[in-house]
Amino acid sequence: MTRRVLTGIKPTGTPHLGNLLGAFRPALRLADEGLDAMYFIADYHALTTVKDRAQLARYTHEVAATWLALGLDPERTLFYRQSDVPEIFELSWVLACFTSKGWLDRAHAYKSAMAAGDTEINMGLYTYPVLMAADILAFDSDLVPVGKDQDQHVEIARDIAQRVNHMVGHDVLRVPAARIEHDSAVVPGTDGRKMSKSYGNTIPLFATAAERKKIIGRIVTDSTPPEAPKDPATSTIFELYRAVATPAEAEALAARYRSGIGWGEAKQALADRLEQELAIPRARYQELIADPARLDGILAAGAEKARAYARGVLERVRVAIGISRPR
Ligand code: ADP
Ligand code: TRP
């Protein structure tokens with residue numbers, strides 16, 4: 001049987017280069033390799049933090065348009081919005097009843113919110129890993145491509161599936177595994193820390209060439225003169241270039257670093273390479289984002305197919321736990 005690969009992206013902000021390299025691109029490659037792919041927009045996960053109605057709607061369309069602009073083909077890949085598949089939420093309750101509270105107490109996202117002294121941690125944030133397990137288990141997923149930060153969540157989904165299987169006495173749920181691309185596990189932002197919406201250090205994917213150039217101009221560099229040799233391994237600019245360029249292009253730029261390159265030139269090389277990479281997807285993105293009704297239509301069609309599948313898994317679970325009678 002073809003292996004199923006599934007992943008979701010939360011609509012919590014405008015997609016950036018870290019998302020492209022860590023999430024969108026590895027997932028789209030797996031779909032191209034012929035795996036049975038399901039990619040979705042985790043809008044109810046976003047609700048744990050996004051409370052502005054207009055913002056949630058806009059980010060949802062932005063993430064949808066990004067998937068499509070980067071090459072997701074809805075004819076081949078099941079593409080939907082989490083909130084359109086109510087079976088996921090019913091399964092989430094069942095899974096919660098098999099989840100030890102201690103597993104959630106130890107989840108990084110909750111622990112770091114606690115450590116930051118958040119006084120308003122909502123139950124959605126706390127039970128986040130259970131809903132994520134339902135996203136994954138409702139479709140018999142085998143592989144879940146995610147960034148390193150999501151590894152623990154997939155591990156919790158595995159634990160839940162194994163516990164359910166153990167308690168009902170047979171394999172009612174398929175046990176998934178995370179797939180982490182180590183080369184692009186942590187793409188740096190303009191300040192050298194992990195690129196993240198929450199740090200305000202991102203390079204948005206579909207900025208214009210001029211906007212992007214301005215952002216790249218802000219990448220912090222030292223005061224070594226242009227002719228001085230530079231170590232590519234310690235340069236954020238080089239790291240970003242390497243992540244989008246071919247190995248041969250990266251080697252050519254590394255050689256220029258070693259023989260001396262001005263930071264302005266290095267930034268220009270990065271800006272040009274990104275423009276080359278993103279000009280076509282940006283044009284597609286602009287077309288898609290201008291037509292939200294079309295995006296909604298594509299997602300609704302995907303949801304129908306996703307529901308049909310999830311219904312089967314949910315029924316299997318309902319029988320296994322004694323809610324439905326076996327037929
Ligand atoms: P952010 O940190 O900007 O809020 P998300 O948490 O919404 O990003 O991440 C969405 C997806 O993109 C996840 O799979 C995550 O692992 C990946 N991702 C986010 N930032 C990076 C980065 N800097 N490098 C690699 N992958 C990333
Ligand atoms: N938690 C993931 C993130 O923050 C998004 C997500 C929700 C997800 N459900 C999922 C990822 C299921 C993979 C599988 O990036």
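Counting starts at 1 for both ligands and their atoms, following the listed order.
Residue K148 has no N or O atom closer than 3.5 Å to an N or O atom of ligand 1. Ligand 1 has no N or O atom lying under 3.5 Å from any N or O atom of A23, backbone or side chain. For the pair N19 and ligand 1, the shortest N or O to N or O distance falls below 3.5 Å. Considering backbone and side-chain N/O of S198, none are found under 3.5 Å from N/O of ligand 1.
In summary, the side chains of T60 and D43 do not present any donor paired with an acceptor at a separation below 3.5 Å, with no hydrogens or angles considered. The closest side-chain donor-acceptor pair between K230 and S235, if any, does not fall under 3.5 angstrom.
The distance from ligand 1 to the heavy atoms of D149 drops below 4.0 Å at these ligand atoms: 15 (C), 16 (O). The distance from ligand 1 to the heavy atoms of V186 drops below 4.0 Å at these ligand atoms: 24 (N). Close contacts between ligand 1 and M195 involve ligand atoms 20 (N), 21 (C), 22 (C), 23 (N) [criterion: under 4.0 Å to a heavy atom].
Using the six-membered ring where Trp is involved, Y257 and F238 have ring planes that are perpendicular, over 60° apart on the 30 and 60° scheme.
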Write 'none' if nothing qualifies; otherwise put on separate lines each N/O atom of ligand 2 with a protein N/O atom under 3.5 Å away and their distance to 0.1 Å.
{"residue": "ligand 2", "atom": "1 (N)", "partner": "Y128", "partner atom": "OH", "Å": "2.7"}
{"residue": "ligand 2", "atom": "1 (N)", "partner": "Q150", "partner atom": "OE1", "Å": "2.9"}
{"residue": "ligand 2", "atom": "4 (O)", "partner": "Y128", "partner atom": "OH", "Å": "3.1"}
{"residue": "ligand 2", "atom": "4 (O)", "partner": "Q150", "partner atom": "NE2", "Å": "3.2"}
{"residue": "ligand 2", "atom": "9 (N)", "partner": "D135", "partner atom": "OD2", "Å": "2.7"}

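For R318 and E90, the salt-bridge test passes: some basic side-chain N is under 4.0 Å from an acidic carboxylate O. A salt bridge is absent between K214 and E211; no separation between the charged side-chain nitrogens and carboxylate oxygens falls under 4.0 Å. Ionic pairing of E155 and R158 is present here: one or more N-O contacts between side-chain nitrogen and carboxylate oxygen are shorter than 4.0 angstrom.
Sorted by first and then second residue, the ring-ring contact (aromatic ring centres under 6.0 Å, His included) pairs with a member in residues 153-179 read Y128-H153; sequence neighbours excluded.
By the side-chain hydrogen bond (donor to acceptor under 3.5 Å, both in side chains) test, D272 pairs with Q268, sequence neighbours left out. Checked against side-chain hydrogen bond (donor to acceptor under 3.5 Å, both in side chains), R273 has the following partners two or more places apart in sequence or in another chain: E249, E277.
Considering each of Q150, K197, K10, the one bringing a non-hydrogen atom nearest atom 7 (O) of ligand 1 is K197. Of the candidates G18, P11, G147, G18 brings a heavy atom nearest to atom 26 (N) of ligand 1.
When all heavy atoms are compared, the tightest approach of D52 to A54 is OD1-N, 3.0 Å.
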